[in-house]
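Each ligand, and each atom within it, is numbered from 1 in the order the structure gives.
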Amino acid sequence: MTKLLKVHGSQNQFFILDQTVLKQPLSDAELKALTIKLTDPETGLLGGADGVLAISQSDHPGVLGKMRVINADGSEASMCGNGLRTVARYLSEKTGQDQFKVETMYTDLQVRRQPDFAPGVPAMAVEISPVKFAKEDLPFDNLGHERLLDTLVPEFVPGWKFSALAVPNPHLVTFIKQAELTSPVLGELGTYLNGTNPYFSDGVNVNYVVIRGENELFVRTFERGVGFTNACGTGMSASSLVFALTHPDLGHFNQPITVFNPGGMVKTILHNEDHKYWIELIGNATETHEVEIAEADLHHARVDQNAAKITETSEQAAYMSFVDQLPAIR
Ligand SMILES: N[C@@H](CCC[C@H](N)C(=O)O)C(=O)O
């Protein structure tokens with residue numbers, strides 16, 4: 001039997017699959033098929049998830065493992081901030097190390113264990129980088145701009161300003177009013193830019209941001225390959241940076257920024273070193289269930305609830321106590 005973990009960062013939910021413990025690692029096609037099946041809210045396990053985080057060995061010196069991010073629709077993302085925290089915790093507990101690097105699609109990222117966010121809520125800090133604004137790095141096209149930074153884009157929503165950045169997965173950030181958080185426009189724009197469209201050929205994660213005060217935001221994200229999620233770690237990191245660049249009176253570098261989201265809260269810290277931006281993302285890394293399943297079932301994307309042995313941890317109860325004491329997160 002093989003063990004999968006059901007995990008979340010701000011209730012952005014994933015299954016962790018450690019390919020290094022399998023007799024035969026899943027091929028890319030098997031991984032895609034398994035992800036689509038496992039994450040489906042109807043046919044998946046435990047109500048599905050937003051993606052699968054697959055861990056394999058890294059051959060980079062001093063790096064403890066490699067993380068691949070497979071979105072619920074089977075597409076692959078270059079990074080996942082909430083997911084990286086949970087993979088970092090898993091590798092930390094597997095190896096007994098508290099500070100190390102994890103390989104991701106484009107770069108090796110620093111991670112480190114943090115004091116618990118709240119009683120029973122383990123936390124990790126992860127590096128989000130590199131950060132790029134050029135249109136080729138997202139990519140986007142046909143907008144008449146080389147980059148978007150608080151730029152009116154009437155093609156998206158008349159009167160709304162947008163910023164575009166890769167961290168390194170692609171993000172759009174727009175500041176909206178609290179009352180607009182429930183507008184149908186949010187889902188319509190996310191769906192449009194992640195379907196066939198002349199602007200973002202590879203799709204884009206769309207972050208709707210409400211400024212709550214000094215160093216304080218609320219972010220709702222429509223994720224590429226998924227749809228609306230409870231939270232997006234790279235999205236909250238990208239939104240924090242755009243906040244400080246466009247509202248320097250309210251958003252500050254080198255100080256914790258509190259970012260509320262529909263699934264909870266994280267902290268971000270913005271850095272500008274040698275003219276390069278990077279962001280520290282700090283938040284929970286919660287393991288809610290262990291799933292024991294036959295390796296053959298993983299290879300054949302058979303995720304029958306009855307054929308898997310599922311054990312719940314006590315961590316979700318602790319996480320919900322933490323969320324319950326947060327100021328309104330909607
Ligand atoms: N939820 C993630 C981002 C996952 C990838 C995203 N859907 C993409 O395709 O870029 C996060 O926490 O960063």
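Looking only at heavy atoms of the protein, atom 6 (C) of ligand 1 is closest to N205 OD1, 3.3 Å. At the top of the distance list for atom 13 (O) of ligand 1, counting protein heavy atoms only, stands T234 OG1, 2.6 Å. Counting protein heavy atoms only, atom 4 (C) of ligand 1 is closest to E223 OE1, 3.4 Å. Among protein heavy atoms, the minimum distance from atom 12 (O) of ligand 1 is reached at G233 N, 2.6 Å.
Which parts of ligand 1 touch N82 is read off a 4.0 Å heavy-atom cut-off, strictly below it: atoms 11 (C), 12 (O). For ligand 1, the atoms lying closer than 4.0 Å to a non-hydrogen atom of A77 are 5 (C), 8 (C), 9 (O), 10 (O).
Not a single heavy atom of G225 sits closer than 4.0 Å to an atom of ligand 1. For the ligand labelled ligand 1, residue H171 lies outside the 4.0 Å heavy-atom shell. Under a 4.0 Å heavy-atom criterion, N12 is in contact with ligand 1.
Contact check for F140 versus P170: no side-chain heavy atoms found under the 4.5 Å cut-off.
Considering backbone and side-chain atoms alike, G81 places an N or O below 3.5 Å from some N or O of ligand 1.
Distances from atom 2 (C) of ligand 1 to the heavy atoms of G203, C80, G227 put C80 nearest.
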